[in-house]
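Taking it in order: structure first as structure tokens, then the write-up.
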Amino acid sequence: MRLPIRNILLFGFFFLLCTATSRLTAQQNSEKKHDSLADVFFNKTKKLRRDNPDSALVLLESKHEEFLQKGDTVNAVKALLEMPYIYGQHVDYTKSYDTLWFALFLADKANNDELKASVYNWLGRLYSFFKRKDEALEYLQTSLDINRKLVEKGQLQKADLVRNYYLLSATHRVLNQPEMAKIYLDSCFVNYASTNGQLPMAYLHFEKAFQLSVNDKNEEALQLLEELEPWFIENRPSYLVLVYSDMGDVYANLSNYKQSKTYYEKALEVSRKYNSHVDFSSLVHEKLANLFEAHGEFEKAFKNQKKAREIDAQFFDSRTAINQSLLEIKDEFRIEKENQERLVQKQRLEKLEQADEISFLQRIILLGSLIFLIIIGIGFFQYMRTKHLAEKQLLRKNKQLEIKKGKELLALKNKELAVTALQMVEKDEFLKDIADRLKEVEGTTEKPEIKQVLKSISHNRSDNWKEFRLRFTAVNETFYHKITTMYPKLSQADQKICALIKLNFSSKEMSRLLGISVESVHTTRYRVRKKMKLERGVNLEEYISSL
């Protein structure tokens, strides 16, 4: 009954181990699948926001709620970070502002530095739109500092800092600080490498074109912008508002009124077509107004100036000196709203944290159970191994005992053979004595009866030797097999000598038994040594006993 119970326990252990392992594997695969699906969703959203930003926004808001319900804070923040881009195209900076601060709250709650750095980048850009230089640069620098620490920890590469340097360069350009913009742009090129999610090189070359125009290298700037135009047409046509505006500036620097006007108008056309960079379109109208005014076309200049003011009045009054305090008021509003949202989100977050704790506890229990089963398994296998070794040792002892008994039995039988052989010697000597006496009686040897007796005595001696040989072979079968196999040239007389040596007979006893002289025995022993090719130092008795 032991073997079946042992097998059942072993099967149960492996079943539990496989079950635990499969659960862990399934959970890990589920998490990987979830992350993969999230990546597919964000890639799809990025394509959708270019063609249909409103649909992309609805999809992002819905997915954000779904991520929060599942406790996936990281992807919830990523969804929020896609929204300001769309809000910016609609010049809805209020929603961008609220979305970013809520994203920062969640990123801080998740203790995810990489996400916090992304939020700070967006906040820095947002404040730069409202000419809040100090706050804008502070947030952008905070993002850069966070990512630098992540690079030191090995969580990011130096190439991942390119986006930080680019935003700082672009911000200094907007703030009319071209020297600082050039410093950060140089850092972009120094650290640039083709990595996953890297900023396309076209954006850096666009900033480079601006630097060339600032340094009166208008021809080079124009050539670079013309080379960039096809890429933006294919990949981000809405950005052509900035590209065409800069091309208009370069042509203006070159005093090419017609081309400058053409590209300013193309910039406005792109802005209307994609409903993007509306904030920048007011600046383009101002540039057109200045261009028309310089060429005496005052009516067109007035219309464009009026259009620029209408756009500012509609969207950007917060940029004026009167409304510069708007963001300060929104800061207070943000703090109050954040407190309210914390109260609203507290219960939801507690539930999510509780779910995370339960999930973590389940993993701990599962891991503990797995370790417990492994310990039991190790103990069981150790027990089985010890038992197996004990059984093996017992078998070895039994085998040694059997070998010992076999040797003792062999020695006993050989002693019996020796006694028998000695009895044969005495018997032969007795028969020989009788034969010798019969031969001494004159005339008796001629009698048939006496001859028959003498012949019987001789035949009896020969039969005794045959019987002895058969008994010796039966008892020492292994020895006899080795002798005949290893040394096939040994004669019957040689084999007899070997057998008697095996039985520890002395030379004198051998001579009596074989009916030969001691010298003949020594001669036969010498012949045996020679046929066996034994060296001088090898003892014949010890060698034969070892066979």
Side-chain angles (χ1 to χ4, degrees), residues 403-440 445-446 448-547:
I403 293 171
K404 185 179 179 181
K405 287 181 178 180
K407 288 181 178 180
E408 290 176 352
L409 182 61
L410 180 61
L412 180 60
K413 288 182 178 182
N414 283 332
K415 286 181 181 179
E416 291 177 354
L417 279 173
V419 172
T420 302
L422 290 174
Q423 290 176 349
M424 286 173 57
V425 170
E426 293 175 358
K427 182 180 177 182
D428 286 347
E429 288 177 350
F430 176 72
L431 291 174
K432 183 181 179 184
D433 184 55
I434 293 173
D436 290 341
R437 288 183 183 182
L438 288 174
K439 289 178 181 179
E440 288 176 0
T445 54
E446 299 297 329
E449 293 85 357
I450 299 302
K451 286 183 178 181
Q452 186 68 31
V453 171
L454 292 173
K455 186 177 181 181
S456 177
I457 289 171
S458 177
H459 182 71
N460 187 52
R461 290 180 66 187
S462 178
D463 288 344
N464 287 339
W465 269 107
K466 287 180 180 180
E467 182 183 352
F468 172 78
R469 182 175 178 276
L470 290 172
R471 289 181 64 185
F472 178 83
T473 304
V475 173
N476 297 279
E477 184 179 356
T478 304
F479 170 77
Y480 187 76
H481 178 72
K482 286 183 178 180
I483 283 291
T484 56
T485 303
M486 293 171 65
Y487 308 106
K489 293 183 179 181
L490 293 177
S491 64
Q492 293 289 335
D494 296 335
Q495 291 180 5
K496 285 182 182 180
I497 289 294
C498 290
L500 294 175
I501 292 173
K502 180 73 174 177
L503 296 175
N504 295 320
F505 275 76
S506 65
S507 297
K508 187 177 181 180
E509 288 172 338
M510 291 181 194
S511 68
R512 288 176 58 196
L513 185 60
L514 298 173
I516 59 177
S517 66
V518 175
E519 287 75 11
S520 298
V521 171
H522 289 164
T523 302
T524 306
R525 285 166 58 94
Y526 175 76
R527 186 170 61 248
V528 169
R529 285 182 62 90
K530 191 173 181 181
K531 288 181 179 180
M532 288 185 174
K533 298 181 180 180
L534 299 179
E535 297 179 359
R536 288 178 178 272
V538 178
N539 187 285
L540 181 62
E541 286 81 2
E542 291 179 358
Y543 178 72
I544 290 176
S545 296
S546 67
L547 294 176

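For reference, positions follow the sequence shown, starting with 1.
- Here Lys533 contributes atom NZ and Lys489 contributes atom NZ; the two are 6.0 Å apart, rounded to the nearest 0.5 Å.
- Proximity of Ile516 to Met510: side-chain heavy atoms (C-beta onward) are nowhere separated by under 4.5 Å.
- Applying the salt bridge (Lys or Arg N to Asp or Glu O under 4.0 Å) rule to Lys531 yields the partners Asp494; only residues at least two apart in sequence or on another chain are considered.
- Residues Ile483 and Met532 have side chains in contact (heavy-atom distance under 4.5 Å, counting atoms from C-beta outward).
- Every residue meeting the side chain to side chain donor-acceptor pair (under 3.5 Å) condition with Ser517, not counting sequence neighbours, appears here in chain and number order: Ser520.
- Residue Leu534 holds its CG atom at 5.5 Å from CZ of Arg529, rounded to the nearest 0.5 Å.
- Formation of a donor-acceptor pair under 3.5 Å by the Thr484 side chain with backbone atoms of His481 is found in this model.
- Closest of all the heavy-atom pairs between Val528 and Cys498 is CG1-SG, 3.8 Å.
- By the side chain to side chain donor-acceptor pair (under 3.5 Å) test, Ser511 is found to be paired with no residue, residues two or more places apart in sequence or in another chain being considered.
- With sequence neighbours excluded, the residues forming a side chain to side chain contact (heavy atoms under 4.5 Å, CB included) with Gln492 are Arg469, Gln495, listed by chain and number.
- Atom OG of Ser546 is separated from atom NZ of Lys502 by 7.5 Å, given to the nearest 0.5 angstrom.
- Every residue meeting the side chain to side chain contact (heavy atoms under 4.5 Å, CB included) condition with His522, not counting sequence neighbours, appears here in chain and number order: Ser507, Val518, Arg525.
- The side chain to side chain contact (heavy atoms under 4.5 Å, CB included) test applied to Thr523 returns Arg527, not counting sequence neighbours.
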Residues Lys508, Val521; criterion side chain to side chain contact (heavy atoms under 4.5 Å, CB included); working and verdict: CA-CA 8 Å; Lys508 187 177 181 180; Val521 171; over 6 Å; no
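- Partners of Tyr526 according to the side chain to side chain donor-acceptor pair (under 3.5 Å) rule, which considers only residues two or more places apart in sequence or in another chain, do not exist here.
- In this structure, CG in Leu540 is found 9.0 Å from OG in Ser545, a value given to the nearest 0.5 Å.
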